[in-house]
Asks: 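Below you'll find the structure I mean.
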Amino acid sequence: MDMRLVGKKALVTGGSVGIGLAVSRELAKEGMDVAIFARNGERAKTEAERIHHEFGVNSYGISCDVTKPQDIEQAMKEVLATIGTVDVLVNNAGTGSEETIMEATDEKWQYYWDLHVMAAIRLSRACIPLMKKQHGGVIIQTASICAKQPLYYEPIYNTTKAALVMFGKCLSHEVIGDGIRVVTVSPGLVLTPDWYKTAGILSQKEGITAEAYLDRLAKEFAPIGRFATPEEVAKFYAFIASPNASYSVGSNYSIDGGWLRVID
Ligand code: NDP
């Protein structure tokens with residue numbers, strides 16, 4: 001399928017590894033120039049260079065902690081100076097948590113609120129004027145199955161991802177008149193390097209391999225019986241980003257191998 005994305009410009013937060021990297025690569029494969037935000041600017045630059053060499057598009061890694069408004073402001077200047085504008089914004093940076101509501105500090109709640117919600121708000125506010133100028137654009141959020149079906153060890157993650165889904169819905173209503181589509185993707189288990197790290201630690205306690213730990217987890221949670229690869233999730237993002245998905249507005253799509261236990 002021709003995704004009709006050649007020559008367009010994408011900004012992907014958390015694009016240096018995992019789902020964000022796979023999305024950046026998939027969009028580049030479709031001919032888009034890509035800017036990648038991550039705190040570790042060196043890793044972002046390395047991956048951006050690899051993308052440039054592999055796919056022949058312009059690609060830039062930019063250091064940005066998306067929880068910090070001043071970082072976003074500075075990084076957006078770099079976006080304008082490099083890829084020039086943004087047609088597709090992917091608000092993807094995020095991470096899991098572990099706490100109880102009774103014990104978590106206000107600071108921890110605030111950090112995750114800034115990471116999962118305020119970053120998407122601030123970046124949308126920065127990109128929407130650019131999109132309006134070119135009469136359209138797409139904003140994609142990476143939420144999580146946990147926005148609907150909580151994992152009880154991470155209440156802060158569940159709560160902030162649920163808020164992100166609602167933010168996307170409200171924003172979609174506000175900007176569709178300007179030709180800007182806002183859509184959310186809610187993955188289930190996606191096998192990123194971080195999962196290997198976690199499994200490496202937890203499996204040792206049980207005397208099993210990381211692979212056996214991950215396999216058991218997948219079979220327990222996902223009816224499909226396995227993790228998704230970042231690449232197969234990324235193909236979904238490319239479709240959502242494409243004009244081929246032109247009637248998709250304000251939706252939150254599960255991509256979870258059947259893990260969600262209710263109908264949407
Ligand atoms: P990874 O941990 O593999 O990658 C996270 C990315 O976000 C990295 O590029 C990291 O770079 C960046 N990042 C983290 N914090 C910040 C910050 N404060 N500012 C800027 N960049 C930041 O994550 P995944 O690929 O697993 O997850 C990506 C998204 O998908 C997240 O929002 C996650 O919640 C969601 N998700 C993941 C699932 C999974 O199973 N993997 C399932 C459901 C949802 P750096 O450290 O250099 O900043």
Side-chain angles (χ1 to χ4, degrees), residues 11-26 34-48 51 61-76 78-79 89-98 108 110-120 122-123 140-151 154 156-165 167-168 184-199 214 217-218 221-222 224 226-234 236-237 252-257 259-260:
L11 165 55
V12 182
T13 71
S16 61
V17 68
I19 296 172
L21 175 59
V23 170
S24 303
R25 291 176 55 81
E26 189 66 29
V34 184
I36 291 171
F37 283 4
R39 288 166 302 180
N40 181 340
E42 283 313 307
R43 183 165 67 170
K45 284 187 175 69
T46 302
E47 292 301 339
I51 286 172
I62 297 170
S63 172
C64 176
D65 182 339
V66 297
T67 65
K68 298 183 176 155
Q70 63 278 24
D71 269 33
I72 291 181
E73 206 177 308
Q74 184 54 38
M76 281 308 297
E78 288 187 52
V79 169
L89 165 65
V90 184
N91 287 312
N92 167 79
T95 194
S97 65
E98 191 179 352
K108 188 167 187 187
Q110 190 63 54
Y111 180 78
Y112 278 83
W113 178 254
D114 287 341
L115 177 61
H116 292 150
V117 187
M118 289 312 300
R122 291 179 177 131
L123 280 155
I140 305 175
Q141 261 77 239
T142 304
S144 165
I145 187 171
C146 295
K148 284 190 189 164
Q149 182 169 281
L151 287 169
E154 51 182 358
I156 296 183
Y157 183 79
N158 302 329
T159 305
T160 52
K161 288 292 189 176
L164 178 63
V165 174
F167 160 70
T184 301
V185 179
S186 283
L189 295 171
V190 185
L191 199 47
T192 55
D194 209 40
W195 268 112
Y196 277 116
K197 205 170 84 193
T198 309
L214 291 168
L217 198 70
F221 286 136
I224 200 169
R226 64 172 178 82
F227 276 71
T229 65
E231 289 73 25
E232 66 187 323
V233 172
F236 194 73
Y237 282 73
N252 173 25
Y253 295 104
S254 298
I255 173 160
D256 61 15
W259 184 11
L260 186 65

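First listed ligand is number 1; within each ligand, the first listed atom is number 1. Treat the numbers as computed from the prediction; the structure is a model and nothing was measured. FYI, side chains are in, hydrogens and waters are out, and symmetry mates aren't considered; it's all heavy atoms of this structure.
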Asks: Could you pull out the closest heavy-atom pair between Val117 and Thr160, with the gap in Å?
Replies: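 Answer, listing the atom of Val117 first, then Thr160: CG2-O, 3.5 Å.
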Asks: Compute the shortest N/O to N/O distance between Gly20 and ligand 1 and return yes if it is under 3.5 Å, no if not.
Replies: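 Not met; the criterion fails.
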Asks: Would one find an N or O of Thr67, backbone or side chain, under 3.5 Å from an N or O of ligand 1?
Replies: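 No, Thr67 has no N/O under 3.5 Å of an N/O on ligand 1.
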Asks: I need the atoms of ligand 1 closer than 4.0 Å to a non-hydrogen atom of Cys64, numbered in the order shown.
Replies: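 Counting from 1, the qualifying ligand atoms are 19 (N), 20 (C).
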Asks: I'd like to know if the side chain of His116 and the backbone of Ala143 have a donor-acceptor N/O pair within less than 3.5 Å.
Replies: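 Side chain of His116 to backbone of Ala143, a donor-acceptor pair under 3.5 Å: no, none is there.
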Asks: Hey, which atoms in ligand 1 end up nearer than 4.0 Å to a heavy atom of Leu115?
Replies: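 Listed by number with element, the hits are 15 (N), 16 (C), 17 (C), 18 (N).
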Asks: Report yes or no: does Ser144 contribute a side-chain atom to a donor-acceptor pair with the main-chain N or O of Cys146 at less than 3.5 Å?
Replies: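 Yes; judged by distance alone, with no hydrogens or angles, the pair exists.
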Asks: Check each of Ser16, Gly94, Pro230, Gly188 against atom 38 (C) of ligand 1 and report the one with the nearest heavy atom.
Replies: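 The option holding the nearest heavy atom is Gly188.
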Asks: When only distance counts, is Val190 in polar contact with ligand 1, meaning an N/O pair under 3.5 Å?
Replies: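 Yes; the residue has a nitrogen or oxygen that sits under 3.5 Å from a nitrogen or oxygen of the ligand.
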Asks: Does ligand 1 have any atom that is closer than 4.0 Å to a heavy atom of Ser186?
Replies: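 Heavy atoms of Ser186 never come under 4.0 Å of ligand 1.
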Asks: Which residue holds the protein heavy atom closest to atom 27 (O) of ligand 1, what is that atom called, and what is the gap in Å?
Replies: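 Here the closest protein heavy atom is Ile19 CD1, 4.1 Å.
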Asks: Provide the number and element of each atom of ligand 1 under 4.0 Å from a heavy atom of Asp65.
Replies: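 In order of number, 17 (C), 18 (N), 19 (N).
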Asks: Do side-chain atoms of Asn92 reach the backbone of Gly14 as a donor and acceptor pair under 3.5 angstrom?
Replies: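 Yes; at least one donor-acceptor contact below 3.5 Å.
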Asks: So do Leu151 and Phe221 actually touch side chain to side chain, heavy atoms under 4.5 Å?
Replies: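 The answer is yes; the side chains approach within 4.5 Å.
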Asks: Does ligand 1 have an atom under 4.0 Å from some heavy atom of Lys68?
Replies: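 False for this residue.
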Asks: So, regarding His116 and ligand 1 (criterion: nitrogen or oxygen to nitrogen or oxygen, under 3.5 Å), is there a contact or not?
Replies: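 For ligand 1, there is no N or O atom that lies under 3.5 Å from one belonging to His116.
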Asks: Can any side-chain N or O of Lys161 pair as donor or acceptor with the backbone N or O of Lys148 at less than 3.5 Å?
Replies: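 Not a single qualifying donor-acceptor pair exists.
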Asks: With a 4.0 Å cut-off on heavy atoms, is Tyr111 touching ligand 1?
Replies: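 Yes; Tyr111 lies near enough to ligand 1 that a heavy-atom distance drops under 4.0 Å.
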Asks: Are Tyr157 and ligand 1 in contact, using a heavy-atom cut-off of under 4.0 Å?
Replies: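 Judged by the 4.0 Å heavy-atom criterion, Tyr157 does count as contacting ligand 1.
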Asks: Decide whether an N or O pair under 3.5 Å exists between Asn40 and ligand 1.
Replies: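 The answer is yes, given that Asn40 and ligand 1 share an N or O pair closer than 3.5 Å.
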Asks: Looking at Gly96, is its backbone amide N or carbonyl O close enough to the side chain of Tyr112 to form a donor-acceptor pair, meaning the two atoms are under 3.5 Å apart?
Replies: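 Side chain of Tyr112 to backbone of Gly96, a donor-acceptor pair under 3.5 Å: yes, one is there.
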